[in-house]
Number of protein chains: 2
Amino acid sequence: MFVRITADSALRPNSLRDLGLTSESNALVSLSEFSYKKGTEIYGEKEPAEYVYQVKSGAVRSYKLLSDGRRQIGAFHLTGDIFGLANGAEHRFTTEAIVDTTVRLVRRQSLEIVAESDALVAKNLLSMTTNNLQHAEDHMLLLGRKTSLERVAAFLLEMDNRLTASGVIALPMSRRDIADYLGLTLETVSRALSRLHDLGILGFVGNTQRQIILLDRNQLASLDLQP
Amino acid sequence: MFVRITADSALRPNSLRDLGLTSESNALVSLSEFSYKKGTEIYGEKEPAEYVYQVKSGAVRSYKLLSDGRRQIGAFHLTGDIFGLANGAEHRFTTEAIVDTTVRLVRRQSLEIVAESDALVAKNLLSMTTNNLQHAEDHMLLLGRKTSLERVAAFLLEMDNRLTASGVIALPMSRRDIADYLGLTLETVSRALSRLHDLGILGFVGNTQRQIILLDRNQLASLDLQP
DNA sequence: CGGTGAGTTGAATCGCCTCAAAGGGGGTGG
DNA sequence: CCACCCCCTTTGAGGCGATTCAACTCACCG
C-alpha cells in the first residue's frame with residue numbers, strides 16, 4: 001500500500017466520538033491517520049474488512065467492477081464521511097482516493113466489541129448503515145429510471161448539498177467518475193453539463209482542469225423529479 | 001386499508017424469535033397477522049413506519065415513484081422475508097401485495113425498545129439492514145451497468161435461489177413488475193425471456209398466465225457477469 | 001362466449017453509446 | 001523558463017440497444 005503514516009496511532013480515549021460514534025463508556029480504541037496519494041487503492045473488494053475509515057480531507061470513490069471492466073461507483077465519500085463500515089466480514093466495494101486524501105481509521109473489531117456493550121454505539125452503527133441504505137435506494141431510482149439530464153442534475157444537487165450547500169462547488173472527481181456513478185458514459189455527462197450551461201443553469205469559473213461550478217439550485221431541482 | 005385480520009393479535013412470548021430476531025430476554029411483543037388482497041397497498045412512502053412485517057405467504061413489491069409515474073421496484077419480498085424494517089421514522093418505499101399475501105407484523109417501537117437493552121436483537125437488526133444494503137449495492141451495479149439480457153439472467157437466478165433453488169420457479173410477479181425491478185420495459189423483458197428460451201436456457205411448463213419456468217442455472221450464470 | 005388484461009412479437013424511433021478528432025491545462029524535463 | 005507531452009474534456013457523426021407504438025394471441029372470468 002502506498003500509505004504514509006502522518007500521525008500517531010496512539011491509544012486515545014474519545015476516538016469513537018471522533019468518528020461520530022458517540023460513546024458514554026470511553027473505551028480505548030486505536031485511532032490512526034493515513035494518507036493516500038491520488039489514485040491509490042484504500043482497500044479492495046473481498047478483502048477482509050479490518051478498519052473503518054473517516055475522510056479527514058480529500059475524496060474517495062467506492063465501486064464495483066464487472067469482469068469485463070464495466071464499473072459502477074456506488075458512492076463518493078467526502079470530508080467527514082465514514083466508509084468501510086457497512087460490511088460483513090469482507091468489503092463489498094473497492095475504494096480509491098480520488099485526490100490526495102487523509103483518513104482516520106479504527107479497527108472494525110474494536111467497534112464491534114464496544115457495540116456489544118454500549119447500546120448507543122450500536123444505535124449509531126445501525127443509523128449509519130440505514131443512511132447508507134437510504135442513499136443506495138435513492139440511487140437505484142436514479143439508475144433505473146432517470147434520464148441523463150435528470151441524473152446529472154441530481155448529482156450536482158447532491159454534491160452541492162454535501163460540499164458547500166452554497167451553489168458553488170469544485171468537483172474533485174473526473175467526468176469518468178461522475179459517469180460511472182450515474183450509469184452513463186463520460187461523453188454523455190459532458191454533453192449534459194454543456195446543455196445545462198447553455199440553458200443558463202450553471203456556469204464555470206476559470207478554465208482549470210477541475211472547474212468550479214456555479215449552479216442554480218432551484219432550476220436544477222425542477223429538472224430532478226423526486227416524488 | 002383492505003386488510004382482514006386473520007389471526008389473534010395476542011401478546012405472545014417468542015414473537016421476536018418468530019421474526020428471526022432471536023432474543024434471550026423473551027420480551028412480550030404483540031404479533032398479529034394480516035392479509036392483503038392482490039394489488040392492495042400495505043404501506044405508502046412517507047407514511048410513519050409503525051410496523052415491521054414478515055411475509056408468511058404471498059409476495060410483496062416495494063417501490064418508489066417519480067412524479068410522472070416512472071416506477072422503480074427496489075425489492076421483492078417473498079415468504080419468510082422481513083420488510084418495512086430499514087426505515088427511519090417513515091417508510092421510504094410503497095409496498096403492495098403482488099398476489100394475495102399474509103404477513104405477520106410487530107410494532108416497530110417494541111423492537112426498538114427491546115434492542116435498547118438486548119445486544120443480540122440490536123445485532124440482528126443491524127445484520128438485516130446490512131443485508132438489505134448489500135442487495136441494494138448489487139442492484140445498483142445491475143441497474144447502472146448491465147445489459148438487458150444480463151439483468152434478466154440475474155433476476156431469474158435470484159428468484160431461483162430465493163424461491164426454490166431447484167431450477168424450477170413460478171414467478172408471482174408480472175412482466176411489468178420485473179421490468180420496473182430491472183430498469184427496463186416489459187417488452188424488453190419479454191424479448192429477453194424469449195431469447196433465453198430460443199437459446200435453450202429456459203423452458204416454460206404449461207400455458208398458464210404466470211408460467212412455471214425451468215432454467216439452466218449454469219448457463220444463466222455464464223450470462224450474468226458478477227466479479 | 002364476449003370481454004379483459006397479460007404476454008408476445010414486429011416496426012419504427014430515440015436516447016445514449018461508440019468512435020473519432022480537436023482543444024486546452026498542467027506537469028515535466030531540458 | 002519554456003516547450004513539449006499527456007491527459008482530461010468537449011464536440012461531432014454514426015450506430016445500436018432499448019423504448020415506443022401497435023397488432024395479435026391467449027388465458028381467465030363473468
Side-chain angles (χ1 to χ4, degrees), chain A residues 37-39 61 66 68-72 98-100 142-153 155 170-199 202-213 223, chain B residues 37-39 59 61 66 68-72 98-100 142-153 155-156 170-199 202-213 223:
Chain A
K37 281 244 172 70
K38 169 178 175 170
R61 59 181 167 245
L66 292 176
D68 61 1
R70 281 174 282 175
R71 183 177 72 158
Q72 179 62 44
I98 295 175
V99 294
D100 291 358
L142 179 148
L143 293 172
R145 288 295 176 223
K146 291 190 181 177
T147 66
S148 63
L149 204 65
E150 289 167 345
R151 294 180 202 212
V152 171
F155 168 76
L171 296 174
M173 70 289 287
S174 69
R175 297 290 184 262
R176 170 165 294 283
D177 286 339
I178 299 172
D180 286 348
Y181 180 61
L182 299 178
L184 301 169
T185 60
L186 63 91
E187 293 94 334
T188 300
V189 170
S190 180
R191 279 184 243 273
L193 288 172
S194 297
R195 188 128 155 263
L196 291 173
H197 179 82
D198 292 347
L199 290 168
L202 59 80
F204 300 100
V205 175
N207 270 352
T208 72
Q209 197 70 4
R210 206 68 85 240
Q211 286 133 328
I212 292 170
I213 295 183
L223 289 180
Chain B
K37 281 245 171 68
K38 169 178 174 170
R61 60 179 167 247
L66 292 176
D68 62 359
R70 281 174 282 173
R71 183 177 71 158
Q72 179 62 45
I98 295 174
V99 295
D100 290 359
L142 179 148
L143 293 171
R145 288 297 177 221
K146 292 190 181 177
T147 66
S148 63
L149 204 65
E150 290 167 344
R151 294 181 201 211
V152 171
F155 168 76
L156 291 173
L171 296 175
M173 70 289 287
S174 69
R175 297 290 184 264
R176 169 164 293 283
D177 285 340
I178 299 172
D180 286 348
Y181 180 61
L182 299 178
L184 301 169
T185 61
L186 62 92
E187 293 95 332
T188 300
V189 170
S190 180
R191 279 184 244 273
L193 288 171
S194 298
R195 188 129 155 262
L196 291 173
H197 179 83
D198 293 347
L199 290 169
L202 59 81
F204 298 100
V205 176
N207 271 351
T208 73
Q209 196 70 2
R210 205 69 85 240
Q211 286 135 327
I212 292 170
I213 295 183
L223 290 180

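Quick caveat: nothing in here was measured; it's all calculated off a predicted structure. Heavy atoms only: backbone and side chains are in, while hydrogens, waters and symmetry mates are out. Order of the sequence lines fixes the chain letters, A, B, ..., with proteins taken first and strands second; residue numbering starts at 1 for each chain.
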Is there a side-chain contact between V189(A) and R176(A) (heavy atoms, below 4.5 Å)? no
Could you tabulate the donor-acceptor pairs under 3.5 Å formed by side-chain atoms of residues 179-188 of chain B, not counting sequence neighbours?
| unit_1 | atom_1 | unit_2 | atom_2 | d |
| --- | --- | --- | --- | --- |
| D180(B) | OD1 | R145(A) | NH2 | 2.8 |
| D180(B) | OD2 | R71(B) | NE | 2.6 |
| D180(B) | OD2 | R71(B) | NH2 | 2.9 |
| Y181(B) | OH | H135(B) | NE2 | 3.0 |
| Y181(B) | OH | E158(B) | OE1 | 2.7 |
| Y181(B) | OH | E158(B) | OE2 | 3.2 |
| T185(B) | OG1 | T188(B) | N | 3.3 |
| T185(B) | OG1 | T188(B) | OG1 | 3.0 |

Would you indicate whether R210(B), at its atom CZ, is surrounded by more than 12 heavy atoms from other residues, nucleotides or ligands within a distance under 6.0 Å? yes
For residues 180-190 of chain B, which residues have at least one heavy atom under 4.0 Å from DNA chain C? L186(B), E187(B), S190(B)
Interatomic spacing from CG in D100(B) to NZ in K38(B) - rounded to 0.5 Å: 8.0 Å
Side chains of L223(B) and V152(B) in contact at under 4.5 Å (non-hydrogen atoms): no
Where does the chain A footprint on DNA chain D start and end, counting 5' to 3' with a 4.0 Å heavy-atom cut-off? dC8(D) to dA13(D)
Which residues share a salt bridge (charged side-chain N to carboxylate O under 4.0 Å, His left out) with R70(B), sequence neighbours left out: E150(A), D68(B)
Reported CZ-to-CG distance for the pair R191(A) and L193(A), which is rounded to 0.5 angstrom: 12.0 Å
L143(B) and Q72(A), any side-chain heavy atoms less than 4.5 Å apart: no
Give the C-alpha distance, both sets of side-chain angles, the deciding distance and a yes or no for side-chain contact (heavy atoms from CB on, under 4.5 Å) between F204(A) and I212(A). CA-CA 6 Å; F204(A) 300 100; I212(A) 292 170; over 6 Å; no
Using the C1' atoms of five pairs at each end, what's the angle between the two axes of the helix from dC1(C)-dG30(D) to dG30(C)-dC1(D), to 10 degrees? 30°
Distance check, rounded to the nearest 0.5 Å: D177(A) atom CG versus L171(A) atom CG? 10.5 Å
Starting at the 5' end of DNA chain D, which residue's closest nucleotide do you reach first, R191(A) or T147(B)? R191(A)
Residue mapping more 5' on DNA chain D - nearest nucleotide basis, R145(A) or R175(A): R175(A)
Taking heavy atoms of chain B and a 4.0 Å limit, find me the 5'-most and 3'-most nucleotide of DNA chain C within that range. dA6(C) to dA11(C)
